[in-house]
J.: 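Please read through the structure below; I'll follow up with questions.
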Amino acid sequence: HSGERPDVIIGIEARGFLIGPIMAQQLKIPFVPIRKKGKLPRECYSVKYEKEYGFDEFDIQIDALKEGDKVVLVDDLLATGGTLEAAKKLCDKSKAEVLSHCVVFELEFLKGRDRLRDTPV
């Protein structure tokens, strides 16, 4: 993304936890998890989102990011875009800037990229 280097890699539960820490380690920057509601130990920002088969809720710890942090969101799959869109909303609440979304697989026919048009995938 325009040559900017991220300050933090954020992994989305659960498969983002497999890829994200390796990326963070290689870049020598922190890794921050986004988890399902109620799994993180401290005060959190939360966002409810619609999935293909119902609703879910994600949390990020309020103190996990600093205002202005540049982040990359990591997940295994881009389908409808709901998960990554929810993760971006949590970053917005933290006043962090999402540089890009990083996924391993994309189901293009579901057009999830359309929901993320403000941020590169």
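Residues take their numbers from the sequence shown, with the count starting at 1.
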J.: To the nearest 0.5 Å, tell me how far I60 CD1 sits from C44 SG.
T.: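 Rounded to the nearest 0.5 Å, the CD1-SG separation comes out at 8.5 Å.
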
J.: Provide the closest heavy-atom pair for S94 versus L65 in the form atom of the first, atom of the second, distance.
T.: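 Scanning both residues completely, I find the closest heavy atoms to be CB-CD1, 3.9 Å.
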
J.: Heavy atoms only: give me the nearest P6-I29 pair and the separation to one decimal.
T.: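 It is O-CD1, 3.6 Å.
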
J.: Is there a path of hydrophobic side-chain contacts, each under 4.5 Å between heavy atoms of I, L, V, M, F, W or Y residues, that connects Y45 with F55?
T.: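 Different clusters.
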
J.: Would you confirm whether D7, through its side chain, and K70, through its main-chain N or O, come within 3.5 Å as a donor-acceptor pair?
T.: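 Yes, D7 side chain to K70 backbone: donor-acceptor pair under 3.5 Å.
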
J.: Would you name the heavy atoms of R113 and L78 that are closest together and state the gap between them?
T.: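 Closest heavy-atom pair between R113 and L78: N-CD2, 4.0 Å.
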
J.: Would a hydrophobic clustering, with Ile, Leu, Val, Met, Phe, Trp and Tyr connected at side-chain separations under 4.5 Å, put I22 with L18?
T.: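 No, separate clusters.
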
J.: Any link between L40 and V8 through a network of hydrophobic side chains (Ile, Leu, Val, Met, Phe, Trp, Tyr) touching at under 4.5 Å?
T.: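 Each belongs to a different hydrophobic cluster.
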
J.: Might you work through the side-chain contact (heavy atoms from CB on, under 4.5 Å) test for L27 and R5, ending with a clear yes or no?
T.: CA-CA 9 Å; L27 294 169; R5 182 178 167 84; 3.6 Å; yes

J.: Looking at K93 and S46, would you say the former's side chain and the latter's main chain have a donor-acceptor pair under 3.5 Å?
T.: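 Side chain of K93 to backbone of S46: a pair is present.
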
J.: Take atom CZ in R35; do more than 12 heavy atoms of anything else shown fall under 6.0 Å from it?
T.: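 Yes, the 6.0 Å shell around CZ holds more than 12 heavy atoms from other groups.
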
J.: Please round to the nearest 0.5 Å and tell me the distance separating atom NE2 of H101 and atom OG1 of T83.
T.: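 Going from the NE2 atom of H101 to the OG1 atom of T83 covers 11.5 Å.
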
J.: Can any side-chain N or O of E13 pair as donor or acceptor with the backbone N or O of K36 at less than 3.5 Å?
T.: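 Looks like yes, one N/O pair under 3.5 Å.
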
J.: Side chain of R115, backbone of G112: donor and acceptor closer than 3.5 Å?
T.: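 No; judged by distance alone, with no hydrogens or angles, the pair does not exist.
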
J.: Looking at CD1 of I10 and CE of M23, how far apart are the two atoms once the value is rounded to the nearest 0.5 Å?
T.: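 Reported value, rounded in 0.5 Å steps: 11.5 Å.
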
J.: Determine the minimum heavy-atom distance between A87 and I34, stating which atoms define it.
T.: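 For A87 and I34, the tightest heavy-atom pair comes out as CB-CD1, 3.7 Å.
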
J.: Report the C-alpha distance between K88 and L116 in whole Å, list the side-chain angles of each, state the deciding distance to 0.1 Å, and finish with yes or no for side-chain contact (heavy atoms from CB on, under 4.5 Å).
T.: CA-CA 9 Å; K88 184 177 184 313; L116 309 172; 5.9 Å; no

J.: So how far is it from D75 CG to C102 SG, rounded to the nearest 0.5 Å?
T.: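 Answer for the CG-SG pair, D75 versus C102, is 9.5 Å.
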
J.: Is it true that K48 and E57 make a salt bridge, defined as a side-chain N closer than 4.0 Å to a carboxylate O?
T.: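 Salt bridge between K48 and E57, a charged N being under 4.0 Å from a carboxylate O: no.
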
J.: Check step by step if side-chain contact (heavy atoms from CB on, under 4.5 Å) holds for V103 and L84.
T.: CA-CA 10 Å; V103 298; L84 285 167; 3.7 Å; yes

J.: Considering all heavy atoms of both residues, which atom of F31 and which atom of G11 are nearest to each other, and what is their separation?
T.: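 Where F31 meets G11 most closely, the heavy atoms are CE1-N, 3.3 Å.
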
J.: Sub-3.5 Å donor-acceptor pair from the side chain of D59 to the main-chain atoms of K39, do we have one?
T.: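 No, the answer is negative, given that no donor and acceptor are paired below the 3.5 Å cut-off.
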
J.: Side chains of Q61 and P33: does their closest heavy-atom pair fall under 4.5 Å?
T.: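 No, side chains not in contact.
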
J.: Nearest heavy-atom pair of D76 and I19: which atoms, and what distance?
T.: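 In terms of heavy atoms, the two residues are closest at CA-CD1, 4.4 Å.
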
